[in-house]
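What follows is one structure encoded as structure tokens, with my remarks underneath.
Reminder, nothing fancy here: chain letters follow the sequence lines and each chain counts from 1.
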2 protein chains.
Amino acid sequence: MDILMQSVRIEINEKLYLKDPESSSLGKKIVEESIHMIVELGFEHFTFKKLGAKINSNESSIYRYFENKQKLLLYLAAWYWGWMEYRMVFATHSISDAKEKLEKAIEVLTQNVEEDNAFSHINEIVLNHLIINEYSNSYLVKEVSKENKGKKDDYFTICKRLVARLSEMITAVDKDYPYPLSLASTIVEGSLHQHFLKEHFPTLTNCNNKINPTDFFTDLIFRTLNQGLNG
Amino acid sequence: MDILMQSVRIEINEKLYLKDPESSSLGKKIVEESIHMIVELGFEHFTFKKLGAKINSNESSIYRYFENKQKLLLYLAAWYWGWMEYRMVFATHSISDAKEKLEKAIEVLTQNVEEDNAFSHINEIVLNHLIINEYSNSYLVKEVSKENKGKKDDYFTICKRLVARLSEMITAVDKDYPYPLSLASTIVEGSLHQHFLKEHFPTLTNCNNKINPTDFFTDLIFRTLNQGLNG
DNA sequence: AGTAAATGATAGTATTACTATTATATTCGC
DNA sequence: GCGAATATAATAGTAATACTATCATTTACT
């Protein structure tokens, strides 16, 4: 996996940037450092001015790459989902048994990212934290739908594809299950939520150092889909 | 239900306001109109200045009730959860059968709010929309934990109590189910999420005009908890 | 009527989220 | 290695935001 990773690139919707940050070292530094900075300060207190100072560059230079900080966040989210989709597809590709396949997919999607695969200049561990802490569909969508009525789906293509794939895997295990999309989106979003609770509100979850969201969701899925199969 | 409601009052943590908005007509107008305005403009574009203009009052007067708009949002969220808890407890109180009780609780928690019970000056339908669109734990918590390290839980007492109650109902149905808290928090948050998707990203959910989140979650819960009981 | 409390009006500050302009590096074709 | 393009940096400026402070006015209370 690690070796292959070097040559894979996550494609991001062009509308999310003005100039491709992958095309220069400044662009890479912007992406790289913004992740750390947003985690550190929280998204609201993150500004291009502060980022410029940190990377010894200039506010105005950053504006040449990203229209505003919301777009940068969307870019990071798109990258994250693209990366998750890649990992999910890669990890499940060779598995033919539907149950095993779904189990593996859920494992990849719900586990905590614990090592930086050195896929790129992006530190996936920190990005994972960023998404857990800052990813709020509502926030992102508000911005998007205002500027981009009717086209908003473009920005979420990857996330939609991921949910659709997971939904198909669910159907492959239980073709009669009536809510595969809702279950898939509940897993994807719910996983972020359980990680969040584990960190900030431990009394609202059973997840802790020993039990992780993967255990919870794996159990949930197979209890739900095994109905009638194991009876 | 309707008559009783008149005399019930949702208690809100005092730290969320400077002066109790329930104590004056200006305070009530602030709360009442802010709900509409946040739904209309989105939280980020909502300001006390604009609110002041709309209610023919003054920015500075609003600041005497709420420290800032984040606190106002926390106040509204606390009210919402208090109201949901009340409705849940009220609706399930007389039910002795554990399964029926849980089913009713889920119904109350996941259904769309469709009528304004005239409980107070607060329009619950619009508030429900606000929470669906703007409620992001991450956002709220960031604010809270910064200013209030160690005390952050205070703000979420009601929401925590709600999840704890639901968790207990789950355990009452299946005392061996290992993740009652996670399941409860997944329902509460997941319900908002499904409503959100239904409105903004219909391809990510099976919920629509005919199927609603209540159907999905009721089905999910009983598939999950009936393991071994119905076998 | 007199006092306190609530509200309103106005002004002011620091920060943010940009845009515009001009200057300085850096890269690239040749 | 030179000149032209391109990228980046520096600086300045604007409108809006998120407040704070002060003082004036209205309302409520006894």
Query raised in the report: Looking at E124(A) and R87(A), does any basic side-chain N land under 4.0 Å from a carboxylate oxygen?
Result: no
Query raised in the report: What is the distance from CD1 of I55(A) to C1' of dT8(D), rounded to the nearest Å?
Result: 11 Å
**Report entry** Nearest-angstrom distance from the residue atom CG of L73(B) to P of dA18(D)
**Finding:** 13 Å
Query raised in the report: Under 4.0 Å: is that the gap between some side-chain N or O of Y63(B) and OP1 or OP2 of dT7(C)?
Result: no
Query raised in the report: Side-chain N or O of K50(A) less than 4.0 angstrom from OP1 or OP2 on dT16(C)?
Result: yes
Query raised in the report: Can you check the N58(A) CG to dT22(C) C1' distance for me, whole Å?
Result: 13 Å
Query raised in the report: Between S24(A) and Y65(A), do the side chains contain an N or O donor and an N or O acceptor separated by less than 3.5 Å?
Result: yes
Query - Rounded distance in Å - CD1 (I62(B)) to C1' (dT7(C)) - result: 11 Å
Query - Nearest-angstrom distance from the residue atom NZ of K69(B) to C1' of dT16(C) - result: 13 Å
Query raised in the report: Do the side chains of I55(A) and L26(A) get nearer than 4.5 Å, heavy atoms only?
Result: yes
Requested in this report: Could you tell me whether the phosphate oxygens of dG8(C), OP1 or OP2, come under 4.0 Å of any side-chain nitrogen or oxygen in S60(B)?
Outcome: no
Query raised in the report: Please give, in whole Å, the distance from dA7(D) P to I30(A) CD1?
Result: 13 Å
Requested in this report: Report yes if a side-chain nitrogen or oxygen of Y65(A) is closer than 4.0 Å to either non-bridging phosphate oxygen (OP1 or OP2) of dT8(D); otherwise report no.
Outcome: yes
Query raised in the report: Are K49(B) and dT17(D) close enough that a side-chain N or O sits under 4.0 Å from OP1 or OP2?
Result: no
Query raised in the report: Under 4.0 Å: is that the gap between some side-chain N or O of K19(A) and OP1 or OP2 of dT8(D)?
Result: yes
Query raised in the report: Between F46(A) and F43(A), what is the ring plane arrangement, given parallel below 30°, perpendicular above 60°, and tilted in between?
Result: parallel
Query raised in the report: Is there a side-chain polar atom (N or O) of N68(A) under 4.0 Å from OP1 or OP2 of dA17(C)?
Result: no
**Report entry** S61(A) side chain near dA7(D) phosphate (N/O to OP1/OP2, under 4.0 Å)
**Finding:** no
**Report entry** Whole-Å distance separating the CD atom of E59(B) from the P atom of dA16(D)
**Finding:** 14 Å
Requested in this report: State whether K54(B) and E40(B) are salt-bridged, where the test is any N-O pair (Lys NZ or Arg NE/NH1/NH2 against Asp/Glu carboxylate O) under 4.0 Å.
Outcome: yes
**Report entry** F66(B) CZ to dC19(D) C1', straight-line distance once rounded to whole Å
**Finding:** 17 Å
